[in-house]
Amino acid sequence: MYEKCCNLLAGADIQFRRSNRLDIALSTNLPVALIFLPAADIPTFVGEGKCDLGITGLDQVKEADMFESVSDLLDLEFGKCKLQVQVPEHGEIDSPEQLVGKKIVSSFTRLSQDFFKELELKAGVLQGATKIKYVGGSVEASCALGVGDAIVDLVESGETMKAAGLKAISTVLETSAHLISSKTPRFPDLVDMIHQRFEGIMAAQRYVLCNYNAPRLIVPQVLKITPGRRSATISALEKQAGDPAEWVAVSAMVEKKRIGNVMDELKRAGASDILVFDISNCRV
């Protein structure tokens, strides 16, 4: 997560030097200070403190109940994982409804309480019958050591869960790293500028630029294949002697994950000279 955040900051041209064992760094090219905090603390510092921007997990914002004080600006699409209810793999419990009234261990107590409160209402039992206990670390060991009947914890690859002899029976929340801001920023112009830079980085990571030539007659057909992020750019080409067709050059942003199929479709439609370029950075 730290490395991903530093790559984003570099892409946004926020230059800084961080000394060893210091959690505060000053930008060398912008009037910005960077503060490195535990992910769980960031929503509070942004929502109630003097921090205008923060990068943390969506799960941490919801756990801190800070959406009244912070704005969710952008999904940064890394650190993806699921907050899941987990029970012993060879136990008798297969659904979260069976856990009503039992002991649940988690570092996400607010989200766990909200999740089981709904199950308690459906079951018609007294609210709070399910005991939620906070553990900051080694949550996966709670069932094996007899502290809880189930846990609510983040799952990324599932390897740790399997190693602890657990299985997931329900998903409370899907989460990833998000860019958040205070709803009352002290420096709104800087917030907008950095937000735009991050949007440009995300677009550059998601899209490539596809350029090709096509007869004008098939433009409506090829534009269905490459509509662009907003729209495609079309430029007239000079007509060559002996070629009765009028040709145009088309340039459009295409999602990286689709580009192979898109090139094949363009070729079949009659386009030629199809070139693809990486986008190092942009503004969208």
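These numbers were taken from a predicted model, which means no experiment stands behind them.
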### Task
Would you give the length of the straight line joining atom CG of Leu166 to atom NE2 of His90, rounded to the nearest 0.5 angstrom?
10.5 Å
#### Entry: Lys102/Ile93 under side-chain contact (heavy atoms from CB on, under 4.5 Å): CA gap, chis, key distance, verdict
CA-CA 11 Å; Lys102 296 187 181 294; Ile93 297 173; 4.2 Å; yes
### Shortest non-hydrogen contact from Phe108 toward Ser112
O-OG, 2.7 Å
### Message
Before you tell me yes or no, could you show the steps for Val155 and Gln86 under side-chain contact (heavy atoms from CB on, under 4.5 Å), namely the whole-Å CA-CA distance, both residues' side-chain angles and the distance that decides it to 0.1 Å?
### Response
CA-CA 10 Å; Val155 177; Gln86 303 167 45; 3.2 Å; yes
### Query
Should Met66 and Glu48 be marked as a side-chain contact (heavy atoms from CB on, under 4.5 Å) after you check the CA-CA gap, both sets of side-chain angles, and the distance that decides it?
CA-CA 9 Å; Met66 277 291 157; Glu48 297 180 357; 3.1 Å; yes
### Query
Side-chain contact, heavy-atom cut-off 4.5 Å: Leu266 with Val250?
no
#### Entry: Side chains of Asp52 and Ser182, donor plus acceptor under 3.5 Å
no
#### Entry: Any Met161 side-chain heavy atom under 4.5 Å of Glu140 side chain
no
### Message
So Ser95 and Ile169, do their side chains get closer than 4.5 Å, heavy atoms only?
### Response
no
### Query
Minimum heavy-atom separation for Val70 to Pro43, with atom names?
CG1-O, 4.0 Å
### Query
Got more than 12 heavy atoms from elsewhere within 6.0 Å of NZ, Lys256?
yes
### Query
Is it the case that one hydrophobic cluster holds both Val61 and Leu111, taking links as side-chain heavy atoms less than 4.5 Å apart, direct or via other members?
no
#### Entry: Pairwise side-chain contact, Ser170 with Phe115, heavy-atom cut-off 4.5 Å (strictly under)
yes
### Message
Whether the side chain of Arg197 engages the backbone of Ile201 through a donor-acceptor N/O pair (distance < 3.5 Å, no angle test) should be reported.
### Response
no
### Task
State plainly whether one hydrophobic cluster holds both Leu154 and Phe78, where clusters connect Ile, Leu, Val, Met, Phe, Trp and Tyr through side-chain heavy atoms under 4.5 angstrom apart.
no
### Task
Kindly say whether Ser176 contributes a backbone atom to a donor-acceptor pair with the side chain of Asp75 at under 3.5 angstrom?
no
### Summary
In short, Gln84 meets Ala168 closest at the heavy-atom pair OE1-CB, 3.3 Å
### Task
Determine which pairs satisfy salt bridge (Lys or Arg N to Asp or Glu O under 4.0 Å) with at least one residue from residues 165-189, sequence neighbours left out, and list them in order.
Asp94-Lys167
### Query
Is a side-chain N or O of Glu63 found less than 3.5 angstrom from the main chain of Arg110, in a donor-acceptor match?
yes
### Query
Taking C-beta and beyond as the side chain, do Tyr134 and Ser107 meet within less than 4.5 Å on heavy atoms?
yes
### Task
Look at the side chain of Ser27 and the backbone N and O of Val32, then say whether any donor-acceptor pair between them is shorter than 3.5 Å.
no
### Query
Applying the 4.5 Å side-chain criterion to the ILVMFWY set and letting contacts propagate, would Ile194 and Leu8 be lumped into a single cluster?
yes
### Task
Quick one: pull up SG in Cys6 and CZ in Phe36 and give me the separation to the nearest 0.5 Å.
5.5 Å
### Message
With a sphere of 6.0 Å drawn around CZ of Arg17, does it hold more than 12 non-hydrogen atoms of other residues, nucleotides or ligands?
### Response
no
### Message
Under 4.5 Å between side-chain heavy atoms, counting indirect links through other Ile/Leu/Val/Met/Phe/Trp/Tyr residues: same cluster for Val105 and Ile132 or not?
### Response
no
### Rounded distance (nearest 0.5 Å) linking atom OG1 of Thr109 with atom CD1 of Ile104
13.0 Å
### Nearest atoms (heavy-atom pairs only) where Cys51 meets Ile35
SG-CD1, 4.0 Å
### Query
Does some side-chain heavy atom of Glu265 sit less than 4.5 Å from a side-chain heavy atom of Val262?
no
#### Entry: Of Met202, Arg258, Met253, the residue whose pairing with Tyr207 passes side chain to side chain contact (heavy atoms under 4.5 Å, CB included)
Met253
### Task
Kindly say whether Ile218 contributes a backbone atom to a donor-acceptor pair with the side chain of Gln221 at under 3.5 angstrom?
no
#### Entry: Donor-acceptor contact below 3.5 Å, side chain Asp149 vs main chain Lys103
yes
### Query
Can you tell me how far the CG atom of Leu126 sits from the CG atom of Leu121, to the nearest 0.5 Å?
10.5 Å
#### Entry: CD-SG distance between Glu89 and Cys143, expressed to the nearest 0.5 angstrom
12.5 Å
#### Entry: Heavy-atom closest pair, residues Ile234 and Leu223
CD1-CD1, 3.8 Å
### Query
With distance as the sole test, does Asp273 use its side chain to make a donor-acceptor pair with the main-chain N or O of Asn213 at under 3.5 Å?
no
### Query
What's the shortest heavy-atom distance between Pro220 and Arg216, and which atoms?
CD-O, 4.1 Å
### Message
Is it the case that the side chain of Ser181 and the backbone of Leu53 share a donor-acceptor pair, with hydrogens and angles ignored and the cut-off at 3.5 Å?
### Response
no
### Message
Using side-chain heavy atoms (C-beta onward) and a distance below 4.5 Å, is Leu30 in contact with Met193?
### Response
yes
#### Entry: Same cluster (ILVMFWY, side-chain, under 4.5 Å), Leu83 and Leu99
yes
### Message
Distance check, rounded to the nearest 0.5 Å: Leu9 atom CG versus Ile14 atom CD1?
### Response
5.0 Å
### Query
Step by step, would you call Gln127 with Val125 a side-chain contact (heavy atoms from CB on, under 4.5 Å)?
CA-CA 6 Å; Gln127 287 191 12; Val125 302; over 6 Å; no
### Query
Do Asp23 and Leu37 touch side chain to side chain, with heavy atoms closer than 4.5 Å?
no
### Task
For the residue pair Glu120 and Thr130, confirm or rule out a side-chain donor-acceptor distance under 3.5 Å.
yes
